[in-house]
Amino acid sequence: MPVDAPITDRSWLHQRLTSDDPAILDDLWQRADACRRAEVGDAIHLRGLIEISNHCTRHCAYCGLHVANRAIQRYCMDDDEIMASVAQAVDFGYGTVVLQAGEDPRLTKDRISALVERIKTTTPLAVTLSLGERHEEELRAWRSAGADRYLLRFETSNPDLFERIHPRPPGAPDRLTLLRSLRALGYEVGSGVMIGIPGQRWDDLIDDLLTFRDLDLDMIGVGPWLSHPETAIGADPAAWMAPADQQVPNTEDLVYRVIALTRLLCPAANIPATSALATINTVNGREQGLQRGANILMPNLTPITYRALYQIYPGKACIDETGTQCNACMRGRIGRIGRHVGSGRGDAPNRSRRGA
Ligand code: 5AD
Ligand code: FES
């Protein structure tokens, strides 16, 4: 296959995902890094992540926060606790706070609207919400209150696999529909998938990559699926696996390949080096992600008392560190690879290009 085959060509993508040829991989890393530099530059934007509630009403077969998991203690931060973490984001010079939670009915339309308004009127921060599948009227109200961005991974583009891993109450809209509504409401839209979840086949992963491009996403987060023993899949992964020659592995190497291909397919998107990647390589997973296409880091600002309880998967990076420690750690990592921290909000170049 010539190197200049169209990047949307399935066999070109398949080869980049699976080949062991060092020349093909070197070319992929170099092209992804050059594309990242040309499209979004050397700045790395920091998004302060506040995990505001670990309650969830859903039954996801992969996530440790699922409603039937009685082994975790549940929490929901109050507004003053959240605002204290928001103040840290300002102190640390972050451009964005991300408010993330399970699907928690305590986080009502009015409560989140008031909170967003409070952050937007008292700080210069961009506000990203990541609160799961919510009603259109809630999403509209939060956008009117000033929320800038919304993160909702579609997890897999294979509808059958999605139904299996993500049981849906009758009448719930599918995630691709929700992502289109978010776009129509004027949000910057982020999504992504897990890599190597049992049942995911190579063809699914190629579809995921092409879907990133079709949706013209502003932010794309990918990370390895990590087995959580208190989940349906984690309890018996073998039962969920695709045939061995088709099952995608949840390896570190494959995460880099997907990050690099995502950069080539969606040149102007913001792409984080995720905590799940940092979890499988605590030494320099994030750095390698940043050198193979990524341009965003999400330092954790969740108060230390709650961090360990937000256990979507075990062994999550940064569980024992404070916000101050993560801030220093991230800046050190950025400096050591010769990049710099971005100033301002770090809006997606994609969105300005669309004329939003
Ligand atoms: N391993 C890796 N990622 C996970 N997520 C949820 N559970 C797991 C897991 N066991 C990811 C999902 C979700 C995001 C917040 O975390 O992609 O959208
Ligand atoms: Fe949290 Fe390094 S970013 S300890």
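Just so you know, these numbers come straight off a predicted model, no measurement behind them. First listed ligand is number 1; within each ligand, the first listed atom is number 1.
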Please state which protein non-hydrogen atom is closest to [atom] and give its distance, to 0.1 Å?
atom                    : value
atom 7 (N) of ligand 1  : Tyr62 CD1, 3.4 Å
atom 15 (C) of ligand 1 : Gln100 NE2, 4.0 Å
atom 1 (N) of ligand 1  : Leu226 N, 2.9 Å

Quiz prompt | His340 atom NE2: more than 12 heavy-atom contacts under 6.0 Å | solution = yes
Quiz item: When the ring planes of Tyr256 and Trp29 are compared, do they come out parallel, tilted or perpendicular, using 30° and 60° as the limits?
Solution: perpendicular
Practice problem: Give the ring-plane orientation class for Tyr75 versus Tyr306, where under 30° counts as parallel, over 60° as perpendicular and anything between as tilted. | Solution: parallel
Exercise. Return the option from Gly102, Ala276, Pro224 holding the heavy atom at the smallest distance from atom 2 (C) of ligand 1.
Key: Pro224
Quiz item: Out of Glu155, Gln311, Met194, whose heavy atom is nearest to atom 8 (C) of ligand 1?
Solution: Met194
Distance filter under 4.0 Å to [X] heavy atoms, resulting ligand 1 atoms:
X      : value
Cys63  : 7 (N)
Arg153 : 11 (C), 12 (C), 17 (O), 18 (O)
Ile312 : 7 (N), 10 (N), 16 (O)

Quiz prompt | Contacts of Arg37 that satisfy salt bridge (Lys or Arg N to Asp or Glu O under 4.0 Å) - sequence neighbours left out | solution = Asp33, Asp42
Quiz item: Who pairs with Glu136 by salt bridge (Lys or Arg N to Asp or Glu O under 4.0 Å), at least two apart in sequence or on another chain?
Solution: Arg140
Quiz prompt | Contact check: Tyr313 vs ligand 1, nitrogen or oxygen atoms, below 3.5 angstrom | solution = no
Quiz item: Between Lys316 and Glu51, does a salt bridge (Lys or Arg N to Asp or Glu O under 4.0 Å) hold up when you go through it step by step?
Solution: CA-CA 13 Å; Lys316 206 157 135 245; Glu51 295 151 331; 2.8 Å; yes
Quiz item: Do the non-hydrogen side-chain atoms of Cys76 and Asp104 ever get within less than 4.5 Å of each other?
Solution: yes
